[in-house]
Every structure is written in structure tokens, then in C-alpha cells.
*Asks:* 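Below is the structure I would like to discuss, written out as C-alpha cells.
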Amino acid sequence: MILKALYDYYHRLQAIDNSLAPFGFKHQKIHFVLVVDRDGRLLDIEDMRIDKKTTKTFLAVDASRTAGIKAYMMYDNAMYVLNHPKEDTDKEKENARKRNEAFINECRRLKDKYPENEEFAAVVKFYENDGINAVKQHDMWPDILKVTGANFSFRLAGRLNIAASSDDLKNEIDTGTENTPDNNHPVCLITGNKEAPQEILSPTPIAGGKSNGKLVAFQVSSGYDSYGHQKGLNAPISKSAAAAFSTALLSLLDRNSHNKISVGSRTFVFWSSVPSEDEKIVTEGIGSIFGFAPQSIDDPNAGVDKVREDFKTLYNGLRASGSQDSFYFLGLAPNAARIAVVYWQECMLTQFLSNILRHFADMEIIDTRKTKKPYAGLYSMLAAAKSKKEKELPQPNLIEAVIKSILQGIPYPATLYNSVLRRIRMENDPSVTRIAVIKAYINRLSETKQKITIMLNPSETNIGYVAGRLFAVFDRIQYRANGINTIRERYMNAASATPAVVFPTLFNLNNHHLQKLDKGLQVYYDKIKQEIMSLLPSDGFPSHLNLKDQGRFFVGYYHQNAKFFEKQNTENE
């Protein structure tokens, strides 16, 4: 399903604007173009570098080499094109000479095969007229020497395309069907047609991995072969189909792609079955929700609130239209010479949007901060599970589990919940994001009947929630009496776990703090205490709270404090 979805994506884009390389070609970086006339004389050297990190790309025949000498068609590096050694040693000079000779021979082969091609003829004349020396005498040569791994090609003066993009080179593409009777072709697993397969599937670079990593591969003589087949023949895929899905995946993984996010060593790509403005809204929205881009690290949730509103509008529109568009989400990780698929989801676009909107709803909590920044994004959720001083991201397994929960609408991982509880206890900081994670986690559990509300629920009788509210009252009274919160610092952790042990002490302290308030405040806070205590069971506080009720304790504490904040703002008005 993954390969077929990528294959369809490739042909969909090709039908729109030919933005992806056709079969047998690739978008190759060419750093310098040697402009020659029909007699092979060097007229100019064009610098194709846009900046230090970006270089223009051109369509060129897709080829690779691992060892030995193999010249590319009408483009290559300085050793092949200009007989320039990597080092000034006899050995490297000889290596460069052999490679340059191979490149010249390849150019002559193409010139002889396509005698009407003026570009190929001009390139051959370039070498016959000692063009290499002309390049090294050019004013740009010192700058060229500073570029490591530069690629070179040729352009005939007056033409727009370079020689490496010549139409004649389409005839040089190996389809893998030569000299093979049609009835002997295996059925391609992607197209369903009888086509000659390629034995080793195309390499696919991925962030953090090796450039020769393969999405589909078989170990040789390791027990994975069947029916006498070897390598890729165990899963026959035609060269054209393999090129299509590889090109599509490479475009999704491109540095400038808006259809990917990278989290640690993991890379996630996503696309839909139908091109439209809707797809753009979704892909940009995913980047805001899940993005970890370095440039947005100061505000990694920028735009999350806008995404929520855009997704609501889009979801309602698609539902009304009865849209059947599909959406795909693929997670990849480098793994030696292969690419590991760590996540795959294919669903209706409406279902995908519904799950994202459910995540927003589950994470929604009352926010009393003066500066209300979004907190439902992946970065905020993971940051809530670690110390503020920690710069490293959590383990990849946790990241993947959270993403999976959001995308599929399943319970959030217990690891996230437990980590958030631990951070609250260690830092005495029940922040809005941490409370939102607790609410979302508990509400998604199948056995949860009484859902946690967005704001204070005065009728909630859960013992953890009630204890948390009461603790917030004690904390508030101390602050109004003494201007400090030592109760929270000293007793919050114990109160959330063993309330029967701690609350008798808290009642004694509270009576002392109440006496420092004026009569009106004493009546006000005592009334709140009595309302909360009326919700306690007849046997009082339990000796221990389970993990779920400990989470409810912190939510109750947070909700009650938010109520005090709301009351305070009303009084100030």
C-alpha cells in the first residue's frame, strides 16, 4: 500500500505540472555550466550556486556508481569533466586522467550515436580544442577550486537547456525490458502488469540516514529468498514503478518540502490523494502541530490556534460535500543500509481531520495566563514531560507514540502521562500544558465514565479531584495570609499520593492561616471549604490515590486556582 500510494502520488504530480523528474532522470545539482560555441570554444562559465547552501538543479540521467570508473552522461565532477585530481599526487593525477578519459569517451559515444545533436558535437570539440586548459585559465577558476564536490555540465551558446538535459538522452534510459520475452516478465507488485523488474531497488536518502538506504531490500543468502529468487526479485517491481515511488518519496523528503516534519532521527511525510487547496491547508497545518523546525523553536506552536480553526472549516466543508479523498502519513527512520518504516496510516481525509480536531478538544483546558500561547502542539506536550533545563527531546518511541495517538484518536501513551506527573511533583509546577495532557490522557481511557471538564466542575465527586480543589483552597488562604506558598512546596506531592496522612496537618495549618484574614475573607473561604468537603465520602480521605486519581488531584487543584483567578479579575473590574 505504501509503494502504490507513492506511485500514484508521482503520477498525480506529473499530470499536473511535471514537477517531478520523468522516468530515468533526476534533478541533479550542477554547480557550474561551461558555455561553449559550436566549435567547442569556451565562452563563459556560469555559476549556478544561489547561495552557500543552495544550488540550481537540472534534469539529468539518473545514474549511480559505487566503485570503479563510470562516467555520467554530459555531467560529472571535476575529476571526470576537467581532469582535476583531488590531491596533487601522482596517484590522484592518474586517477583523474583515467576518469577524464572515460568521460570523454562517453561524450564521443553519444556524439557518434546522435550525429544531429549539436550540443554533443560541441562538447567533443571542447576537448579536442584543449578546453580544459581554457577553463583553468578562466577568472572563475580560483572560486571553482573552493567548492567541494562540484558538478559540471555544458550548454551550447544560444540554448536554454544544458547538454545533460538533452532530449536524445531519453533513449539512453534502461527500461530493463530489452532481450526479455514479454511472457517471461513477472507481474509488477505495484502496477499489476507484466514488466521486467529491477533486481536492486532505488536508493532513497533520508534525514539522518545513509544516502544509499533502500525502502525495499532483501539480504542475500539470509533465509529471506524464496522460490529461487534473489534480492529484489523476491518482490518484483518494475524499473519504471520503482523510479516513480522513489522520485515521489525523494520529493517529499526534499529540504524545501512542506510535506514533511523531522523529529530527532525520525522523518514523517504526508500527502493526500487529490491535489487541491485543501491539501495545502492540511500539510501546512501538520507542520504547525508537529513541527520541530529550528527556526521556530522560540515559538514552536506558532499558528496552532489558526490550524484548529482552518481544520474545523475544512472538515465541515468536506463532510458536507461527501468527500472521499484519502490521506497518507508515513514515518521513516534510518536503519543501516535500509529505511525502517516506523509508522504508516492511510485513512479518509475527513477521518484524519476529525482525529486532529478531537485532539484539540481533548487538550482544551481553561487558560488563565496573561499571554495565552497555544499548548496543544507536539513540542509543548513533549516539553511538559521533561525538565525546562533539558534540551534533548524525549526518546523517539515516545514521540512516535504521541503522534500515533493524535493521528488515530487512540489513548495517549501512559509514558507521557507518568512523565508529566513526575515533572509536576519535582517542580511543583502544574502548568497549563501538563494539566491539559492529564485531562486528555484520562478522558481517552476506555474505562473513564466521568470526563474531566475544561473548567471547574463543582459537582465532581472523584476523591482525587475533590482533594486537589481543597488543597488549592488551603494554598490560596496561606498566600492571602502570608504572601507565600510553602504548603504547595512542602505538601503537594504527599497530598496527591497519600491524602489521609497529609490533610490532617493541612487542616491545622489552615486554621492558623485563616485567623490572619479579615472576617469577610474568613467567611468567604470557609464557605468554599464546606462546599468542597461536602463532596467527600463519609469515610474521609483514602490512604492512597491511584495514578489516575493523582492526575485528577492536580486537575482539581488547577481548576480551583483558575476559579480564584477568575474571581480576582472580576473584583478588579
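The shown structure was predicted, so the numbers you read here are calculated from the model rather than taken from an experiment.
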*Asks:* Going by the salt bridge (Lys or Arg N to Asp or Glu O under 4.0 Å) test, name the single residue among Lys451, Lys439, Arg308 that passes it with Glu364.
*Replies:*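 When Lys451, Lys439, Arg308 are each tested with Glu364, the salt bridge (Lys or Arg N to Asp or Glu O under 4.0 Å) holds only for Arg308.
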
*Asks:* Quick one, Met48 and Phe58 - any side-chain contact, counting heavy atoms below 4.5 Å?
*Replies:*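 Yes - at least one pair of side-chain heavy atoms lies under 4.5 Å apart.
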
*Asks:* Among Phe327, Phe352, Tyr328, find the residue that satisfies the side-chain contact (heavy atoms from CB on, under 4.5 Å) test when tested with Phe270.
*Replies:*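 Testing Phe270 for a side-chain contact (heavy atoms from CB on, under 4.5 Å) against Phe327, Phe352, Tyr328 leaves exactly one candidate, Phe327.
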
*Asks:* Can you find a pair of side-chain heavy atoms, one from Asp62 and one from Phe23, that are under 4.5 Å apart?
*Replies:*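 Result no, sub-4.5 Å side-chain heavy-atom pair not found.
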
*Asks:* May I ask you to test the Ile162-Tyr75 pair for a side-chain heavy-atom distance under 4.5 Å?
*Replies:*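 A side-chain contact is absent here, since even the closest heavy-atom pair is not under 4.5 Å.
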
*Asks:* I want to check something: taking the side chain as every heavy atom from C-beta on, are Asn561 and Thr368 in contact at a cut-off of under 4.5 Å?
*Replies:*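 No - every pair of side-chain heavy atoms lies 4.5 Å or more apart.
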
*Asks:* Quiz question: by atom type and distance under 3.5 Å, do the side chains of Tyr343 and Gln408 form a donor-acceptor pair?
*Replies:*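 Gln408 and Tyr343 do have a side-chain donor-acceptor pair below 3.5 Å.
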
*Asks:* Check whether Tyr72 forms a cation-pi arrangement with Arg65 (NZ or CZ under 6.0 Å from the six-membered ring centre, at most 45° off the ring normal).
*Replies:*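 Flagged: Arg65 positioned over aromatic ring of Tyr72.
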
*Asks:* Taking the side chain as every heavy atom from C-beta outward, state whether Thr453 and His559 have any atom pair closer than 4.5 Å.
*Replies:*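 Yes; the side chains approach each other to less than 4.5 Å.
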
*Asks:* Quick one: does Trp344's side chain get under 4.5 Å of Phe329's, heavy atoms only?
*Replies:*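 Of all side-chain heavy-atom pairs linking Phe329 with Trp344, none is under 4.5 Å.
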
*Asks:* How would you list all residue pairs meeting salt bridge (charged side-chain N to carboxylate O under 4.0 Å, His left out) that involve residues 345-360, not counting sequence neighbours?
*Replies:*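 As it turns out, the salt bridge (charged side-chain N to carboxylate O under 4.0 Å, His left out) pairs with a partner in residues 345-360, which skip direct neighbours, are Arg358-Asp362.
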
*Asks:* I would like to know whether Val342 and Arg266 meet side chain to side chain contact (heavy atoms under 4.5 Å, CB included); could you show each step before the answer?
*Replies:* CA-CA 8 Å; Val342 296; Arg266 274 33 176 179; 4.2 Å; yes

*Asks:* Enumerate the residue pairs fulfilling ring pair (Phe, Tyr, Trp, His ring centres under 6.0 Å) with a member in residues 420-462, sequence neighbours excluded, ordered by first and then second residue.
*Replies:*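 Counting only pairs at least two positions apart or across chains, the ring pair (Phe, Tyr, Trp, His ring centres under 6.0 Å) contacts touching residues 420-462 are Tyr417-Tyr441.
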
*Asks:* Taking only residues two or more places apart in sequence or in another chain, which ones pass ring-ring contact (aromatic ring centres under 6.0 Å, His included) with Tyr10?
*Replies:*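 Testing Tyr10 for ring-ring contact (aromatic ring centres under 6.0 Å, His included), a comparison that skips the adjacent residues, returns none.
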
*Asks:* Please round to the nearest 0.5 Å and tell me the distance separating atom OH of Tyr7 and atom OG of Ser246.
*Replies:*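 Taking OH in Tyr7 and OG in Ser246, the distance rounds to 13.0 Å.
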
